[in-house]
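For reference, the structure discussed in these notes is given below.
Chain letters run A, B, ... following the sequence lines, proteins first and then strands; every chain starts at 1. The shown structure was predicted, so the numbers you read here are calculated from the model rather than taken from an experiment.
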Protein chains: 2
Amino acid sequence: MRGKPTLRDVAQRAGCSITTTSNILQGRSHMYKEDMVQRVLSAAHELGYRPNATARNLARRRTTTIGVVLDPQHARITHNVYAHDVLDGVLAYLEPRDYDIRLITPRANDPAAVWRRIDNGSIDGVILIAPVMGSPLLEWRHYSSLPAVAVGSTLPDEYLLSQVDIDNDAAMATLTEWVIQQGHRAIGFIKGHPLHWSAHQRERAFRRILSQHGIPIREEWILQGDYGPESGAIAATQLLSQKDLPTAVIAANDDMAVGFMQKCRELEIPVPETISVAGFDDAYWVQRMGIQLTTIQHDRYQVGYLAAQLLLHQLETGDSRPQRILIPGTLVVRRTVAPAYALASVPTPNATILTEGGSRQ
Amino acid sequence: MRGKPTLRDVAQRAGCSITTTSNILQGRSHMYKEDMVQRVLSAAHELGYRPNATARNLARRRTTTIGVVLDPQHARITHNVYAHDVLDGVLAYLEPRDYDIRLITPRANDPAAVWRRIDNGSIDGVILIAPVMGSPLLEWRHYSSLPAVAVGSTLPDEYLLSQVDIDNDAAMATLTEWVIQQGHRAIGFIKGHPLHWSAHQRERAFRRILSQHGIPIREEWILQGDYGPESGAIAATQLLSQKDLPTAVIAANDDMAVGFMQKCRELEIPVPETISVAGFDDAYWVQRMGIQLTTIQHDRYQVGYLAAQLLLHQLETGDSRPQRILIPGTLVVRRTVAPAYALASVPTPNATILTEGGSRQ
DNA sequence: GTTCGCTATAGAAACGCTTCTAAAAACACC
DNA sequence: GGTGTTTTTAGAAGCGTTTCTATAGCGAAC
């Protein structure tokens, strides 16, 4: 016996067969005499035996390993706060169940490599982190029969992928409703990244609620962003240079909302006195920065946790029919959205004056 | 051929032996006739053959997988900004080299499980993220012969572990030197988490430089922190209630420096006018918050990158003698440290008045 | 035309485990 | 003390690769 001890070494030392050793070491000791069990156990302990995972996986035809795949778009994991939270939830569920996690970050320039690295028998299932439109990962079902759960993107049914995500539509509807309830009827919107489904879902909900309330949608107040804070600032510049201004702006996420507000501060437009701002995501750093942003809070950790749970369920039952789990978001009212009752209740002229006051540049 | 195609299926279709197939598919085709090579290649392609990684690993006795192990102390990866940056660097080096990454987050309550999950033939080497004092991971050499590189902790030699870290000592020395050059001679310090080696190294450098300049060390100005922002605030309360105040405070990291400054603002003590503050780390969120903190910037990404490089080098050469790579930090001068020349050059009374002015509470 | 020395290909033994199947041992029963 | 039944234990065939070693095939050299 040179190198690491193997099952055969243990069997030899215990004076029994490999089968017996294997069985006992796997806890199937009820079928053996106490004496035998003890001999095997102590032999294994004395040799410092540790079963070889690779050999075990080969024989069992499963690996108890889950792949976590980042969309090639989000190259560096660092700047993807979303991924961290989800990953934490995934870890929290998988770790106690003795599953391992393989981190897969495909290069954008070599999509074929993705399949070579994923569907090669080294993982049992996969969690896809926020695949964006046009991502090769979406073609999953064409290339692989491995169970997969997508998180962070509520995808169209046609992709046949199980999904866990927050309910973007419902949450944005709630937020929009609330802003309207505060008396606002002139509301702008900053859209998210055009390749993210969530961006479209949030925008659609915004438009729907406005329509339901009979509020006209002013397209010049709906600006394109990309979820980055800078795009919020750019949107601010575009919006605030207009003659006629909304009394409130909803951004499709917090980063853009903060970018927007920073530009407001530069232009000395008080938030929320002149213009109310709402975000979406309840990003950790915004709170830490001391900004009292009214926003939608949602549990990304929970998303990861449930995704892992769903995946394991599919693994165990073999039932891999696509499922969709949507987690509701929560409206968090802080201070960047002020009631517009004062404005709404007084006749138009007054409101107009205030609006114009806000548009000075 | 049911299930996924194997090497045998490909061989059968190409009408040759498994050996031939394996060789050609691995690129050793120079020893075969062009005709044969083509037959194998197209057979593999037609069947959609993908080699089974588990079987390959077993036969090759290596896995081209690196484990990234988080210290049980840092439970949730989310809140460990350090780990993200390092991980990015590790990924950047490993991914193009076709290494896979296994994320290992041991539970604190079951240290034995660590070895069961790590040293079981499923990985070729390991990167240990910031092991703290008393961590079971430090006993690495007792349990495993797997190559390992520790990052984020400059450990004593006795652990026989290879390491990549920033040069805490030199960087803190530079920072302290600079604060002194600004004319400060009354300097306080907020210590980092007592279980982190970096905390001790930074403190030691601070003390050394003060001594070298013949500046007396006032123990009542050296406060315990734990690297968290709250601990910076607590230290502020403790320090600022003293009768005699330093003109500058160096915190062992940015988080504590910001916590300290927030308390200063509450107490209406202007930074840097009354008290200068310096941090360490150049944390991303601080910049984003718009705080112009003078600090030490260091490249965590680089740390991860070099750690991966070192590990692969050890894997390839078999030379696993412990090495230590220290990366220098860079002083970033922003606005929270003001020159104290004005104070230092005038006679004591004046300075005392200013100090007292700062200590009102 | 036999032998040598190539090259191209195939056979077969690992790798370390799981698990199906069969055999041996132990026991009860008539 | 056979026979049948139930426990215990062992044998052996995979799992899908890699790779060492052996064998055809074949032209060149003697």
B:T21 and B:L25, any side-chain heavy atoms less than 4.5 Å apart: yes
Can you confirm whether A:L310 sits close enough to A:S162 that some side-chain heavy atom of one is under 4.5 Å from a side-chain heavy atom of the other? yes
Which whole-number value in Å describes the distance from A:Q26 CD to C:dC17 P? 11 Å
Is the shortest side-chain heavy-atom distance between A:Q26 and A:S22 below 4.5 Å? yes
Can you tell if the side chain of B:R13 reaches within under 4.5 Å of the side chain of B:D9, non-hydrogen atoms only? no
Taking any atom under 4.0 angstrom from a heavy atom of chain A, which nucleotides of DNA chain D are the first and last to qualify, 5' to 3'? D:dT8 to D:dG16
Quick one: label B:R28 by what it contacts on the DNA or RNA (base, sugar-phosphate, nothing), any heavy atom closer than 4.0 Å. sugar-phosphate
Would B:R141 pass as a cation-pi partner of B:Y143, given that its NZ or CZ must be under 6.0 Å from the six-membered ring centre and within 45 degrees of the axis? no
Report the residue from A:L326, A:V149, A:I127 that forms a side chain to side chain contact (heavy atoms under 4.5 Å, CB included) with A:V164. A:V149
Answer whether the closest heavy-atom distance between the side chains of A:L161 and A:P322 falls below 4.5 Å. no
Sequence-aligned protein contact record of nucleotides 7-16 of chain C, with B where the base is within under 4.0 Å of a protein heavy atom and S where only the sugar-phosphate is: -SBBBB--BB
Do B:I24 and B:Y32 have side chains that get closer than 4.5 Å, going by heavy atoms? yes
